[in-house]
Amino acid sequence: GLTDDKKLLYYKLKTEKCNLNFASDIGIYHDENNIFINTDSGRCMRPLMVVKGKKPLIDAKILQKVKDKFFSWNHLLARGLIEYLDAGEEENALIAFNEQDIIDRNLDFTHCELHPSMMLGICASLIPFANHNQSPRNCYQSAMGKQAMSIYCTNYNERFDSFAHILQYPQKPLVKTKAFDTFRFGDTPSGINAIVAIISYTGYNQEDSVILNKSAIDRGLFRSLFYRTYKEEQKQHGNNCKEIIEKPDPNETVGLKFGKYHKLDDDGIVAPGVYVDSDDIIVGKTTSLQQQTIKGHTKKDSSLMVRHNEEGYVDNVSVSTNEQGLTMVKTKIRSYRIPEIGDKLSSMHAQKGTIGITLPHEDMPFTLDGIVPDIMMNPHAIPSRMTVGQLIECIAAKGACLQGKTVDATSFDHEDPELICNVLKKYGYESRGSEIMYNGMTGEQLNARIFIGPTYYQRLKHMVADKIH
């Protein structure tokens, strides 16, 4: 349609949306000559407080009514106090960081964040003290958090996913955000509170390498399970050409694979609990030939082998039928992955590194209290990347251990780092997290104070065993 008064029409449409005469998920925005009304699915929308006359419409009285459960979320929407905006509408909005921002900048804001950390997505809102990091680091962690191992669902034993990584002994972080609890990530965490020392030691942690405590790995640090599902099904090619899942008979079958068939049961499938490795046959299958060969073979072999460079135990087997009513077999192989040189680890601040060496407990440096680090990362990883959030997380986690409680590290809404340092001081530690350490190989005192404390580390899915060919 056409209009002579763009501003008036836009204002009327927005008023109707705020009064809930239109659905709250409709997007209305404009550019120089057009008004757009979006009603399609798949648009990300987020709630914001409406600002009028340089004040948010939600004041202390309304907040009290919400606390007293007199007002629900829908009440706030219906009264036009909160509005859902999509990406298009945000182009026409001026959004304040918080109420103080409206006063400080004195601009004609249209909306205000419900909470400053709500501008972040799910992955970024899990990063502790994210507002103390350089912004690209938060972007990198938002991508890497999806590659971290965890218990991705509680019924992984029953599922036949293409592949899956399960972290064996996951822990809840000592330092976490409000979003962490809101999304219930504590039920299926994706990391471990490792003792991390920032130190140059032996030279095996140069250039984003880390040194791991071999004895900690032996006790279960960052161990994981890897599952892979192999799928095989019978297919029907016309009337004469038929596939059958069975143990191939060498006397009847031509073109047997260069693999081991002896682990197959009589039905042509490997039983659960059997160990298989590269070139073992896990599902036997034959295809009928239209003509008998000279040697009297009537079938051709089309069995399924374990992938090259993979091995493990048959964890589960599912025999069912596909859409055509033909037999379908899914075989799940389970292998144990113990951290080794070349495997990738990362903190919650995109300080990623590969394992350069694993040292036994007795060769690791130790503190006055006899604390030995699980991970040693290089100090050169800190200054240029400016991940100050990791340093504050480490000090906060140290204080959390001493106090026996977790620390809230929500972006833009956490305790002053200076107060966190005072906790360490109160318990007799150096307030900035440094400690005197001793060389594990010679017993000499190191002539530098070492920054050491617990930091939440993730094991990522990139493992050297998958990359060797």
>> Please list all pairs meeting side-chain hydrogen bond (donor to acceptor under 3.5 Å, both in side chains) that have one or both residues in residues 44-62, counting only residues at least two apart or in different chains.
In response: Arg46-Glu90, Arg46-Glu113, Lys54-Asn106
>> Are His30 and Phe36, when compared by the centres of their aromatic rings, separated by less than 6.0 Å?
In response: no
> Just by distance, do the side chain of Lys172 and the backbone of Ile192 share a donor-acceptor pair under 3.5 Å?
Replying inline: no
>> Classify the ring geometry of Tyr84 against Trp73: parallel below 30°, tilted from 30° to 60°, perpendicular beyond 60°.
In response: perpendicular
>> Counting neighbours of CD1 on Ile122 that are heavy atoms of other residues, nucleotides or ligands and sit closer than 6.0 Å, is the number greater than 12?
In response: no
> Taking NZ, NE, NH1 and NH2 as the nitrogens, is one of them in Asp40 or Arg43 under 4.0 Å from a carboxylate oxygen of the other?
Replying inline: yes
> What residue pairs, at least two apart or across chains, pass ring pair (Phe, Tyr, Trp, His ring centres under 6.0 Å) with a residue in residues 49-72?
Replying inline: Phe71-His75
> What are the two closest non-hydrogen atoms of Ser347 and Gln141, and how far apart are they?
Replying inline: O-OE1, 3.3 Å
> So, does Asp86 use its side chain to make a donor-acceptor pair with the main chain of Glu89 at under 3.5 Å?
Replying inline: yes
> Is there side-chain contact between Lys12 and Thr15, with at least one heavy-atom pair below 4.5 Å?
Replying inline: no
>> Take a 6.0 Å sphere around CD of Gln324 and say whether it holds more than 12 heavy atoms from other residues, nucleotides or ligands.
In response: yes
> side chain to side chain contact (heavy atoms under 4.5 Å, CB included) between Leu225 and Arg337: does it pass, once the steps are laid out?
Replying inline: CA-CA 6 Å; Leu225 288 176; Arg337 298 293 179 88; over 6 Å; no
>> Ring centroids only, cut at 6.0 angstrom: are Phe412 and Phe97 within range, meaning strictly under it?
In response: yes
> Judged by atom type as modelled, is there a donor-acceptor pair below 3.5 Å linking the side chain of Asn322 to the main-chain atoms of Gly325?
Replying inline: yes
> Hey, which of Lys235, Gln234, Lys285 is the one that makes side-chain hydrogen bond (donor to acceptor under 3.5 Å, both in side chains) with Glu243?
Replying inline: Lys285
>> Whether the side chain of Thr367 engages the backbone of Ile371 through a donor-acceptor N/O pair (distance < 3.5 Å, no angle test) should be reported.
In response: yes
>> Under 4.0 Å between a side-chain nitrogen and a carboxylate oxygen: does that hold for Glu435 and Lys398?
In response: yes
>> Side chains of Asp68 and Gln64 only: does a donor on one sit below 3.5 Å from an acceptor on the other?
In response: yes
>> Quick test of your reading of the model: are Lys352 and Asp208 salt-bridged, counting only N-O distances below 4.0 Å?
In response: no
> Looking at Arg137, Gln351, His349, His132, which hits side-chain hydrogen bond (donor to acceptor under 3.5 Å, both in side chains) with Thr387?
Replying inline: Gln351
